[in-house]
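Keep in mind the model is a prediction, meaning the values are calculated, not measured. Residue numbers begin at 1 in each chain, while the letters A, B, ... track the order of the sequences.
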Amino acid sequence: MKYDFRKIEQKWQAYWAKNQTFKAISPNSSPEKGRPGPKYYVLDMFPYPSGAGLHVGHPLGYIASDIYARYKRHKGFNVLHPMGYDSFGLPAEQYAIQTGQHPAITTETNIKKYREQLDKLGFSFDWSREVRTSDPKYYKWTQWIFIQLFNSWYNKTSNKAEDISDLVSIFEKEGNTGVLAACDEDVPQFSASDWKSYSPKKKQEILLQYRLTYLADTEVNWCPALGTVLANDEIVNGVSERGGHPVIRKKMTQWSMRITAYAQRLLDGLAKIDWPQPLKDAQANWIGRSEGAEVEFRIQNSEFRIPVFTTRPDTIFGVSFMTLAPEHELVTQITTPEQKEEVQAYIAATAKRSERDRMADVKTITGAFTGAYAEHPFTKDSIPIWIGDYVLAGYGTGAVMSVPCGDQRDYDFATHFSIPIPNIFEGIDISETAFADKEKTIITNSDFLDGLGYSSAVQKVIQELEKIGAGKGKVNYRLRDAVFSRQRYWGEPFPVYYDVDGIPQMLDEKFLPLKLPEVDKYLPTETGEPPLGNAKEWHWLQYGVEGKVVSEVEFNNSSPEGKQGGALELNTMPGWAGSSQYFNRYMDPGNTEAIFSQEAVNYWQDVDLYIGGSEHATGHLLYSRFWQKFMFDRGWVPKDEYAKKLINQGMITGTSAFVYRLLISSSGGRDFGKNEVGENLDNVCVSYNFYEEFKSLYKNYSWNEDFEIPLRREGFRNDTVNLPIENGLIQKIRSNLFELTSQNTEELTFGLKSFIAVHSDVSFVNASDELDIEAFKEWRPEYKDAIFILEDGSVYDEDSPLEGGESGVYKVGREVEKMSKSKYNVVNPDAICEEYGADSLRLYEMFLGPLEQSKPWNTAGISGVHSFLKKLWKLYHSGPNGEFHASDSPLEGGKGGVPEETNSPSLGGGRGEAFKTLHKTIKKVEEDIANFSFNTSVSTFMICVNELSAQKCTNREILEPLAILVSPYAPHIAEELWEKLGHAESVAYAPFPAFEEKYLVESSKEYPISFNGKMRFTLELPLDMGKDEIEKTVLAHERTQQQLQGRTPKKVIVVPGKIVNIVG
RNA sequence: GCUCGAGUGGUGGAAUUGGUAGACACGUUGGACUUAAAAUCCAAUGGCCAUUGUGGCCGUGCGGGUUCAAGUCCCGCCUCGAGUACCA
């Protein structure tokens, strides 16, 4: 009987859907559903449903998690394995701007397509728990969390987030003098009576500075092309991650998230989660903790004090100047009249430079002297104050104490502007002090620090600074608060309005969700408001009359006065808002009363296994940890880290195909580039072989150095090279070309400019890299008249092939690149499923290599796993006419597990051996799953089936457990075989076969016998043979004597059960 | 520059705590079956040398080292990939 994977897969996918086979059992479900085992939560990062659909790279992580989830079900766990969509986002909005189609419609269409594709792969998702971030029923709770953050402050004394009302009562009792909070640093101190005297507006303004989400004028990354602000992690190399548009810095009033309050806990939490080290490193790096001191410098002839942060307070006696960021707020106030012009010019110049320019030339040293002087806290010396753009406004205090002998940048700056460079390091030349290992230096010329090493000097100087009130030890973080406002349409609206005083107020919870309004166009308004400003009548109509009494404030967004009072927040939330708690919502996705019930969250607790891409290291994966800690502090979730283990699946790269277009120069006295009727002959495509040959031929030409670069970038160079006639291949091409152009070959010089490598769609190329030229020409009409030079140098001509042209083929070049539509190397999983089936695709994606590694896709290789499945099928269909057959009579040999019996030839047919094969496989597969080494378990299955086939095993005692073993990997075929074995229920919950050591017990071992560490032959010896006896037997062996050739071995190493090594 | 990965046949990749390098596949070559193709099956397949067989030498990016024994451990380099970037 044929392995009809199409029919089988369809059948079981329908079965699973109909029977809700993978529905997780809720903690409160009725007892007849059976006693759930321990919970296990397997999570995938939910996808953004893009219009392009899935390519074979996308399901890799889903397949791995699905295998794990299915394995855990076999092991008796109550598995939660949900899926959903991160469906707010830019592409749908960009599409709406271009076409006017509502993003909700685009999103719906894309989700449908995704779902169809996912369903074909046989995943065991519990679809009854699907969430979509753009669904109001879902984003209601995103808005709810926002309100909770607004209503919370961070108490540094208890080290957690607390309700803002607690803070109000503290203020009423004792003011803010005793409060240690994570908040804006410049909140002035006030007493309880001060507080009581404040107006409601003032109180609100003060509280806003304490809230975990707050409004602030922040310098933001503004992307003019996208019309929105971007978070730091949404910028790559100074341009926007999406679209690659330039980004400038701009001050705007924005909502911010006080993630910095959690900096230390986010760092500490990394220690207790099993996440990949590179990812932890990336987060630790992003948080960027550094220890040092804050030192205050008095400005001479003024009241100002400028604090600086330094990690090297021990070098304080090496300070010879001070540098402020050009944007530093005190710059204009301290600059002397004489320096004013220069300083202003410098500030103007730096402001003009974009972030990108600044990054592009790090080496150019620029700066200006302010004319002002600071006073050294110990020596009281005058220290000139400079500004320079190497000091960043956003880090530390935006000012540094410059120690040219200790820091290369300070050194370069000092050298450039001829500022003195005092040396405070003993015995090191001033040109090398900046590179010196700090642990090995001794401080000198430094008053009370003389003779101290690095760490004791740091301690000492902090003590002294504290004594004179000029500084203190301090920990600084690179992490910035996260800007939370986006000037977009397709995102969660803020549940916020502004009262008549312009103070932000939260909507009452009962009015949630605040739904996105309809707009005519998705662009900013004419007055520069975000797209939501286009909404003529907003939400209060949705609530009818009732909406009008929200906190007794009427708001009317369309009135020009709207800004002054009653206006709704027009920004929307960023992409990461919806993904920061979705994993908890899956626990109770239908709940309309709460984000999730306490019963559900206490049952499911946290994610046991989370699989997704490493690109979210400093975005989603950091923000979601932040929100989880917040939710934990407020008592809504039981764990402050939501994912115990995380695995980053590697990328599946595509194998692009290239056609090499040869550019021919018209040198040589004649118009070679044209044929006799004047057609341009520049369009010549050469095969990979020629291109390679050309490359190697001209390897030594000086212009060849960057040959590869213009080639890949589709550029070309103007150099002309004369091809040597003596080269056979080239000569053949020449003659063929000239035949075509009817020109005299003798008189012409054949010149080249260069190549352009052109992507061909991989679907036009077969497994042997041969191009379907006609299909290619049809696909890219500009190549309709192109001349294709084949592998053998002949010219392709579909009408009248020249000699040799008929047999010749055009081979493309291959290169591994990211799988992407623009590179025409995308392989669609639907096509693979159609041709080989989902089980083959699942096995093959796992078989490609280790899960976490990036690896190239090659469709040709899938035949290996596909024929494995056919062999597996055949193993169960060993009847005379290939019908299903599984023998019911028990195997004798293995039952007792007695080794002699097992290996006894008298049992015949390898019946005992079958148990050995099976249990070997069980053992290895369980180990592999535990290590997430899915590629090796696919190999193990192949070995198993190969062995059982050779043994002609037909026994149910073997075939039944084998079907379960395979089921996590290839669930459809496993279900079919399981059914044929006579089971009425799905294989999904069948207990995983138990490994029994007794079947693997061996009585002897093939010992490798090595001489000086090199294996020479093997010798079968009983395993219970002692060390001495082994040595004796081996030495007595004829092959040993042959190897030794009469010499006496110096030493014999015997490791029983392992190896024998003879040293001679 | 800094941080983290990774370098093994023609290709993807195997190799528990150092113990028979190249499992399992793809590809290639040869063969069987077939009118033919597909499918299937069998054999060979790291390189070099020898061959009548048994065999020998070299091989895990490079150079050292530790060890009876190194892909695996240590030291020093090289190359590629990812992240990050004037972070004081």
Side-chain angles (χ1 to χ4, degrees), chain A residues 2 236-238 276-282 284-286 288-290 292 308-313 315 323 325 358-359 361-365 388-392 394-403 406-410 412-413 476-479 614-615 617-618 648 650-651 655 767-768 814 843-844 847-850 852-865 867-868 870-871 874 924 927 931 933 935-943 946 1006-1018 1039 1042 1049-1055 1057-1064:
Chain A
K2 214 182 128 224
V236 177
N237 295 329
Q277 197 56 44
L279 195 148
K280 287 188 184 183
D281 290 342
N285 226 322
W286 193 260
R289 179 194 156 98
S290 50
V308 301
F309 174 74
T310 175
T311 53
R312 297 295 303 275
T315 63
T323 316
R358 248 166 104 158
M359 287 196 330
D361 86 308
V362 171
K363 286 285 154 264
T364 319
I365 295 158
D389 69 0
Y390 80 96
V391 177
L392 304 175
Y395 183 76
T397 62
V400 300
M401 58 175 226
S402 304
V403 185
D407 183 284
Q408 189 57 37
R409 291 157 306 175
D410 295 343
D412 293 342
F413 196 88
N476 203 42
Y477 298 92
R478 200 181 75 125
L479 184 70
S614 58
E615 67 272 20
T618 54
N648 291 130
M651 196 175 35
T655 315
S768 310
R814 292 288 200 172
L843 281 176
Y844 187 52
F847 188 64
L848 275 177
E852 306 192 36
Q853 191 174 305
S854 127
K855 55 236 163 209
W857 178 266
N858 174 17
T859 304
I862 201 168
S863 65
V865 292
S867 56
F868 156 74
K870 285 197 273 194
K871 280 184 212 165
K874 232 170 110 181
K924 178 79 171 117
E927 282 168 5
N931 297 323
S933 175
N935 54 327
T936 49
S937 36
V938 177
S939 305
T940 305
F941 288 135
M942 290 173 171
I943 295 167
N946 286 345
E1006 283 267 319
Y1007 276 93
I1009 311 300
S1010 41
F1011 294 80
N1012 297 320
K1014 280 172 193 148
M1015 207 280 288
R1016 282 297 116 101
F1017 62 93
T1018 59
R1039 302 272 317 261
Q1042 197 183 320
K1050 286 195 195 115
K1051 203 173 176 184
V1052 180
I1053 312 277
V1054 177
V1055 185
K1058 277 256 163 91
I1059 201 170
V1060 177
N1061 190 17
I1062 298 164
V1063 187

Given [options], identify the nucleotide with an atom nearest to the side chain of [X].
X	options	answer
Asn935(A)	A25(B), C86(B), G13(B)	G13(B)
Lys1058(A)	C86(B), U17(B), U20(B)	U17(B)
Val1063(A)	A21(B), U40(B), C68(B)	C68(B)
Arg478(A)	A88(B), A85(B), A15(B)	A85(B)
Ile1053(A)	C57(B), A88(B), C68(B)	C68(B)
Tyr395(A)	C87(B), G12(B), C86(B)	C87(B)
Arg409(A)	G13(B), C87(B), G12(B)	C87(B)
Ile1059(A)	C68(B), A85(B), U20(B)	U20(B)
Ile943(A)	G83(B), G12(B), A23(B)	A23(B)
Ser867(A)	U40(B), C24(B), A88(B)	U40(B)

Quick one: is [X] getting a side-chain N or O under 4.0 Å of the [N] phosphate, OP1 or OP2?
X	N	value
Lys855(A)	G12(B)	no
Gln853(A)	A6(B)	no
Lys870(A)	U40(B)	yes

Return the OG to CG distance between Ser937(A) and Asn931(A), rounded to the nearest 0.5 Å.
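The CG atom of Asn931(A) is 10.0 Å from OG of Ser937(A), to the nearest 0.5 Å.
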Give me the distance, rounded to whole Å, that separates [N] from [M] when you measure between the [atom1] atoms they each carry.
N	M	atom1	result
A43(B)	C48(B)	C1'	23 Å
G13(B)	G65(B)	C1'	30 Å
G5(B)	C87(B)	C1'	24 Å
C62(B)	G9(B)	P	10 Å
U84(B)	G71(B)	P	37 Å
A69(B)	G19(B)	P	14 Å
C24(B)	A15(B)	C1'	12 Å
G18(B)	U11(B)	C1'	29 Å

Where does the angle between the aromatic ring planes of Phe413(A) and Tyr390(A) fall among parallel (under 30°), tilted (30 to 60°) and perpendicular (over 60°)?
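Ring orientation, 0 to 90° scale: tilted.
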Going by the angle between their ring planes, with limits at 30° and 60°, are Phe309(A) and Tyr395(A) parallel, tilted or perpendicular?
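Plane angle over 60°, so perpendicular.
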For RNA chain B, what are the stems built from at least three Watson-Crick or G-U pairs in a row, each pair having both distances below 3.5 Å?
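Stem list for RNA chain B: B:1-7 with B:78-84, B:10-12 with B:24-26, B:27-32 with B:40-45, B:46-49 with B:55-58, B:61-65 with B:73-77.
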Close side-chain approach of [X] and [Y], heavy atoms under 4.5 Å:
X	Y	answer
Trp857(A)	Tyr844(A)	yes
Thr315(A)	Met401(A)	yes
Lys1014(A)	Asn1012(A)	no
Leu848(A)	Gln853(A)	no
Ser402(A)	Asp407(A)	no

Starting from the 5' end of RNA chain B, give me the residue, Ser933(A) or Phe309(A), whose nearest nucleotide shows up first.
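Its nearest nucleotide lies further toward 5', so the answer is Ser933(A).
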Nearest nucleotide by nearest heavy atom, which residue falls closer to the 5' end of RNA chain B, Lys871(A) or Asp281(A)?
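That would be Asp281(A).
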Answer with base, sugar-phosphate or nothing: what part of the nucleic acid does [X] contact at a heavy-atom distance below 4.0 Å?
X	answer
Arg1016(A)	sugar-phosphate
Ser1010(A)	nothing
Ser290(A)	sugar-phosphate

Distance check needed: [N] [atom2] versus [X] [atom1], whole Å only.
X	N	atom1	atom2	result
Lys2(A)	U40(B)	NZ	C1'	14 Å
Phe1017(A)	G56(B)	CZ	P	11 Å
Asp407(A)	C86(B)	CG	C1'	9 Å
Asn1012(A)	U67(B)	CG	C1'	13 Å
Glu927(A)	U16(B)	CD	P	11 Å
Tyr390(A)	A88(B)	OH	C1'	8 Å
Lys1050(A)	U67(B)	NZ	C1'	15 Å
Asn946(A)	C42(B)	CG	P	9 Å

Since syn is defined as within 90° of 0, does G9(B) count as syn or as anti?
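Because its glycosidic torsion lies within 90° of 0, G9(B) adopts the syn conformation.
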Who pairs with Asp281(A) by side chain to side chain donor-acceptor pair (under 3.5 Å), at least two apart in sequence or on another chain?
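So Asp281(A) forms a side chain to side chain donor-acceptor pair (under 3.5 Å) with Gln277(A).
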Applying side chain to side chain donor-acceptor pair (under 3.5 Å), name anything that partners Gln408(A), two or more places apart in sequence or on another chain.
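Testing Gln408(A) for side chain to side chain donor-acceptor pair (under 3.5 Å), a comparison that skips the adjacent residues, returns Asp412(A).
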